[in-house]
Amino acid sequence: GTPATEAPPAETEAPATDAPATEAATEAPAEPFVFGMLLVGPYNDGGWSQAHYEAGQYVEEKTGAKMIYLDKVNPADRPGTTPDQLAEELVAQGAKLVIFNSDDMKDASTTFAKANPDVFVIMASGDQVWPDGKAYEEIPNLMNIMGRMEYGKMIAGCAAALSSTTGKIGYLGPLINDETRRLTASAYLGAKYCHEKAAKTTDLEFKVTWIGFWFHIPGFTTDPVDVSKDFYTTGFDVVISGIDNSVNLPEAQKLTAEGTPSLAVAYDYINACDVAPEVCLGVPFFNWGPDYLAAIQSAADGSWESQFIWSGPDWTDLNNHDTSAIGFVKGDALSAENAAILDEFIAELAGGLDLWTGPINLQDGTPYLADGEVASDQQVWYLPQLLEGMQGLSASE
Amino acid sequence: MTQETILIGLAGILAASAPIVFAVLGETLSERAGVINLSMNGTILLSAMGGFAVAYTTNNIVLGFLAGMLIGALVALIVAFASITLNQSQVAVGFVLALTCRDLSYFLGNPYMGVPGPRLQAIPIPVLSDIPILGALFFRQDAITYTSFMAIILTWVWIYRTRPGLMLQGIGEKPAAAYIRGANVNLMRYVYTVIGGALIGLAGPAFSLASRAGWMGTISGLDGFGWIALSITIFGGWNPARAAFGAYLFGFLQWLGLVLQPVLTQVPSQVLQVAPFPLMILTLLLVNIGNAEWVERTLAAMPESTRKFFAKLLRAMRASPPAALGVPFERD
Amino acid sequence: MNVEFKNVNKHFGNVHANKNINLTIPSGSIQGILGENGAGKSTLMKVLSGFIHADSGSEILLDGKSVIMNSPADAIKHGIGMLHQDPLDFPPMKILDNFLLGMPSSFFPNRKEATQDFNLLATEYGFSLDPENYVDSLTVGERQQLEIMRLLFLGVRLFILDEPTTGISTAQKEKLFATLRKFPEQAMTVIFVSHKLEDVESLCDRVAVLRAGELVGELTPPYQTKKFVEMMFGKEVTLGERQSAPVGETVLSLNDVSLEDARLKIKNINVEIREGEVIGLAGMEGSGQNLFMRACAGLVRPVGGKIQLKGQDLSGKSYHVFKKNGVSFLPAARLEEALVPGLTLTDHFVLAEEPRGIFIDRVAGQTLAEERIKSFNIRGAPLSPVESLSGGNQQRAELALLQNPLSLILLEHPTRGLDIESVIYIWGKLKERCKQNASIIFMSSDLEEILQYSDRVLVFFSGKISQPMNANKTSVEELGELIGGKGWAEIGGEHA
Amino acid sequence: MLKSRFSGLLFQIIALALSFGVVSLILISIDASPTEAFRNMFKGSFGEMRKFAEVLVAFVPLLLVTAGLLVTFSAGLWNIGVEGQVVLGAIATTWVYRYFLESDLPPALIITLAIFGGMIGGAIWAAFTGILKVFGGVNEIFGGLGLNFVATALTIYLIFGPWKRPGVASMSGTVPFPDEFSLPLLANLRISPWALGIALIAIIIVFFLLQGTYFGLKLKAVGKNFRAAYLLGIPTWQYAMYSFLICGALAGLAGAMQVAAVYHRLIPSISSGYGYLGLMVAMLINYQAIWAIPVALFFAALNIGSIQLPIVMKLDSSLSGVLQGVLVLFALLVEGARQKFIKKGQNT
Ligand SMILES: Nc1ncnc2c1ncn2[C@@H]1O[C@H](COP(=O)(O)OP(=O)(O)OP(=O)(O)O)[C@@H](O)[C@H]1O
Ligand SMILES: Nc1ncnc2c1ncn2[C@@H]1O[C@H](COP(=O)(O)OP(=O)(O)OP(=O)(O)O)[C@@H](O)[C@H]1O
Ligand SMILES: [Mg+2]
Ligand SMILES: [Mg+2]
């Protein structure tokens, strides 16, 4: 239904009946701006979804705004529901802006935004309103927000390459799509660069194994635990996680304790290393807070405009909670001297080093970037294959 | 791949299959006594969650495993009570519990999502672990994997080599006959269902405290193992050794799917993962076809000699369930 | 040991299976228990062996001491062992396992020792069984031997055998008897349950006869067969006029038909049955008449020979083909085979009729049911589930299900458990069918009934079939002896 | 009879009370207020028209599956493979849609074809279980379970393989179909009156099939006493197969509805677990078609209403599943207890 008919009754009933709402009402003098968030996984998954959830909390404490959220928004956990329907639940609870946090919700976010023109929509990791994008649509009340995790992955790859004694790096890939391809490739570029930079004697091997989904489903996906174990026991002494929950950490911890020195790079969530600090080289993480804050404020004060935001890190202060869209936290397992080299690398990136510069060939050898050519955003975003030198499938067919 | 890496891979399969082995052994015991415990899928999840929660809060891994067994035993007790005492359909009750326990584990497990908890480490056994191939395969595992090896041997010996085990076979085969041989059939059914349940309950912590450490709710990747274990039980023809072999075979096929991924680029990884199931159905067909009555009819029509031959062949493949599986026993 | 029953009663629901039994069995004797089907023999023995509980007030004394038998476990403790009528062993398991199962052996039974003990015992009693063989490959006789060996090894002192001689060959029987005769020397008491006169006569020191759950008398040698038969089947009842329909041409003919099942083989049956004719099958349970009857219904495939219905060869055809050709079969196990528990009488009548269209005409079904219930005077309403009917009324319902017309009606124990009026009534109905040129084959354990209602009689004894005997030319006594396996030599040549 | 039916009602009420009691205890144990939880679930399902419409969206496939299962159950078969049959229905429907994607046939016709395709797909999948059971002697539970896994794998294979979106492969499923391929929805609501109608018609048909027809009666006979049914002249194994086919077709129809009226594409967990939930409903209504509608509606309401729990009370929605399960469990236990009482009453 259209919020025009929906929202008012929901609004009026919300404070009356819902305990949290009334509390919020008493806390904030003015009626707080309510924004909703749809999380694809559990809000406390220690990964992708939790990063979004905590960004929401960040916004709550920066502004008086109040967050309502619904997690596990996927057909398996919410049988018979669609994200747009669930978004309406949030609107019914008073949300004036809804964040869709997964690529899987792209269509739903479009549908919802069109059906509810007076509700603001943020589609994280999507590209619908990117004028230069392949799937551009004009949706005034929708905004795309994504962090340039490419840099995070480059740093991750670098840390991996520096710390690997065998020069063999494993990458725990989820399912194959544009996003996962470009991130995996970035990790490879970072690894390659630092491998040469540190003049490693080993020769670099970078292998991706796709498990088939963002997390394990028995009988259908390859078990990431087995994949990690297989990597570690076949000489890949560093495994970079590209999936939602970094199961490579506990596995590395176990195998190390059992005498197979194994290292891991986590993903998505700033505190992901805490599961097994002593084997963690670090974690590239999303810091959605700043961009969400800006977007939500613009929605609140009417300065909203539909746009595609692809924010990079704050190079002056990589892990600044208030300014940097992505960051990298070093882990305890990263040796001092490697940490030093890594900082140099970060500095170079800050200084304008762009690893997405030619010559770069695709996995099948076709040239992608000519010598000296710098990749356009589209070329990075829509990377058609893995890169030459990487092992693993480029597409599921 | 070097022999070394293959060995490690196989050793990994033995470890990763430990939970399924427990589940399969438990179910085998229970069904041997004539009670189908269909609740496995839920039981495993609930005991995985419960076991982890206990181990985490008490920071005592052993208590965690015990908690898992307790949960499994309690669920099994409900199945036993409903089917033996209240004469309700074992399948119905078991199925309901399978779904309920799953949701319960998600509902109650929320606080333990993703918290780092205790985990078993491998304990190489001094001398044995140095035996060339066998050492790497069997003697560099963790405690629960060793336990799974023992469990296989123990259940096998129990069923086929001990006095009570012999009686167990009888109870599942023809309760009345076991009864006149002095067995308290329904009591024994209770006992074995609960013990079997405890074994199934051990599968949960074997995941959440060893091979797949931690609790991640819906994304723990444990939902489904119970149903898989159920098929493996049938595949095992109610023989612990054969059932355990089934569990390892399943693990092996999964592992194969993993190592073949780079080779079979045409096939999405998901398909390789599911390969065991058609296989399972096929074997079910082979072991069961002897029980189909049209086979008997066609056999009856055949000439003496051929009939004898086919009858032998079928008998060889056939694994008929305990005759009294799911049949309540009432004296009068 | 000395066994004494005091006022033993047993009810199954409303069935009074044992009525106030008082019986003393002296130690070291071979006691025979004789009685027709359903007399209550097995029930009494099951009570003694702790398999079922007698009603309160009943008492059992062993060597003068009153004992409470809660379960077979207790019975075993008291040294009581029972060989059940239908062998209670484990067919898919090995003989040795069957032997060991329930033995008070060590925790890890020593199979080697057990095998030795087994073979020793086997040779002592002259049995030849391979302990590694599977039970389901044994004949009934061999399975009994196995049970006996097991009980002997358990060291029982009271040996109960419930109809051990149904379905074993004469040779096997002799072996068995030889064994049993050794027991009294070892101060073992034997209770031998049977309805086979010759067995009882040749084996037992004393015989108790049960009828309809009551102990009607005890006999000691010398026995007169006539007396037995009289006591077993009770005094005659007047069944009114014997009437038989005019017989027409052949309906069913069996040429050199051979049948076999796990229990027994029947070779080269040659019979012709004509329109309007009633054939009675006499014989004790499991003497082959069931097999014969089911072969005529198409439920059992003959292993040889030819079955023709009205000149049409149906040998090897399925039951449904037989049914389409007007053969109807009424099994004895009512709630297991004949009726569908959970469905009402109306449902059954509707099912038995040819479907008219897709939807059931409830009203028509109702009226049909009412009129059938009336005409077969079934005590029950159209909507009462069949399992709630009394046994006798279930039987009436079964008969009411027969459609019309039929060329052959096969009935197992058509009047078992019916009171005498209903028997006469039912037979009235059946005879009407005969007048409509249907022919009837029925089996019954009531010889009176067989003589009264059949035109010709086939007597069965452990797989042997007599020539058809003219019902007018024989008597209860003769039949009684024949089904007991006596006097077959005399009738060998006779033709009807 | 009447007396026992009355006592039946009484005991069912006891079961209901026990279930809510247990769930309340669970809630209290994690100090959440049961009353508030139940109130929110109720508001979240019947609170407003839009929410009720969502309930109906879940109600449609659930009712269809239940209808199908009533048929197999009355044949004495435990068709646990129904889950996979729903999936195959969805796959077949998607296949038909894709086949006619470029065609200029009237959409109405294509939709109809697609829905029939779904029914056929489901029926075929059920036939596998049936054949395994009837000719292979494979218990329908184990055959069905195996086929469920295969069905889901097939979906995932199609979504990530042949039917994947250009360039992308994601859990969001295949490319959504054009709007004219969707069953018409009510204004401003997500429920399609057509889907609702079809589901209601289906359960009514099944009701009469089982209550009023020779087929249904014979099916019952086969289910209650295979042997006697055979002797009464019913071709028993054919009837077993029929029941599988019918159930499969209805399950396939449910799958078709998921595609044609809800998701407009094939997604990985398209069956949404309705197959298993349907088994629960069938058990709870003790296989009586009469009660299918209210109970299926109730279960659907629990599914939808429970969405409020995380939003409003920060509780996990899986509570609804717990409640559903506990309900059925107590229904079974209490029924068992009741029969025991009756038996006692007869013996004394
Ligand atoms: N478990 C039971 N439930 C109900 N009725 C039973 C049961 N067992 C026996 N009866 C009934 O009790 C009566 C006596 O049965 P019993 O088996 O003792 O007869 P029997 O003398 O052994 O007959 P047969 O010679 O055929 O073995 C029969 O009417 C029988 O139907
Ligand atoms: N399962 C049942 N449910 C309801 N009523 C039953 C049930 N079984 C028996 N009855 C009733 O109990 C009464 C006695 O049944 P039973 O079969 O013992 O009768 P009976 O004395 O054997 O009569 P008949 O001589 O006709 O066999 C009958 O009225 C019958 O309706
Ligand atoms: Mg008897
Ligand atoms: Mg009676």
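Throughout, protein chains are lettered first and strands after them, A, B, ... in sequence-line order, and every chain is numbered starting at 1.
A salt bridge links D:R50 with A:E89: the distance from a Lys NZ or Arg NE/NH1/NH2 to an Asp or Glu carboxylate oxygen falls below 4.0 Å.
Considering only heavy atoms from C-beta on, A:N177 comes within 4.5 Å of A:D103 through its side chain.
Proximity to chain D is absent for every atom of A:K134, based on heavy atoms less than 4.5 angstrom apart. Heavy atoms closer than 4.5 Å to chain A are found in both the backbone and the side chain of D:I307. With a 4.5 Å cut-off on non-hydrogen atoms, D:I304 touches chain A through its side chain but not through its backbone.
The candidate from A:V40, A:T82, A:I68 with the greatest count of non-hydrogen atom pairs under 4.5 Å with chain D is A:T82. Of the listed residues (A:D84, A:N74, A:L90), the one with the most heavy-atom contacts under 4.5 Å to chain D is A:D84.
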- Query: Going through the checks in order, is the salt bridge (Lys or Arg N to Asp or Glu O under 4.0 Å) test met by A:E150 and A:R182?
  - Reply: CA-CA 7 Å; A:E150 292 67 28; A:R182 67 171 184 266; 2.8 Å; yes
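Taking the six-membered ring where the residue is Trp, D:F46 and D:F52 present tilted rings, their angle falling between 30° and 60°. Note: A:F100 and A:F112 have tilted aromatic rings, judged against thresholds of 30 and 60 degrees for the angle between ring planes.
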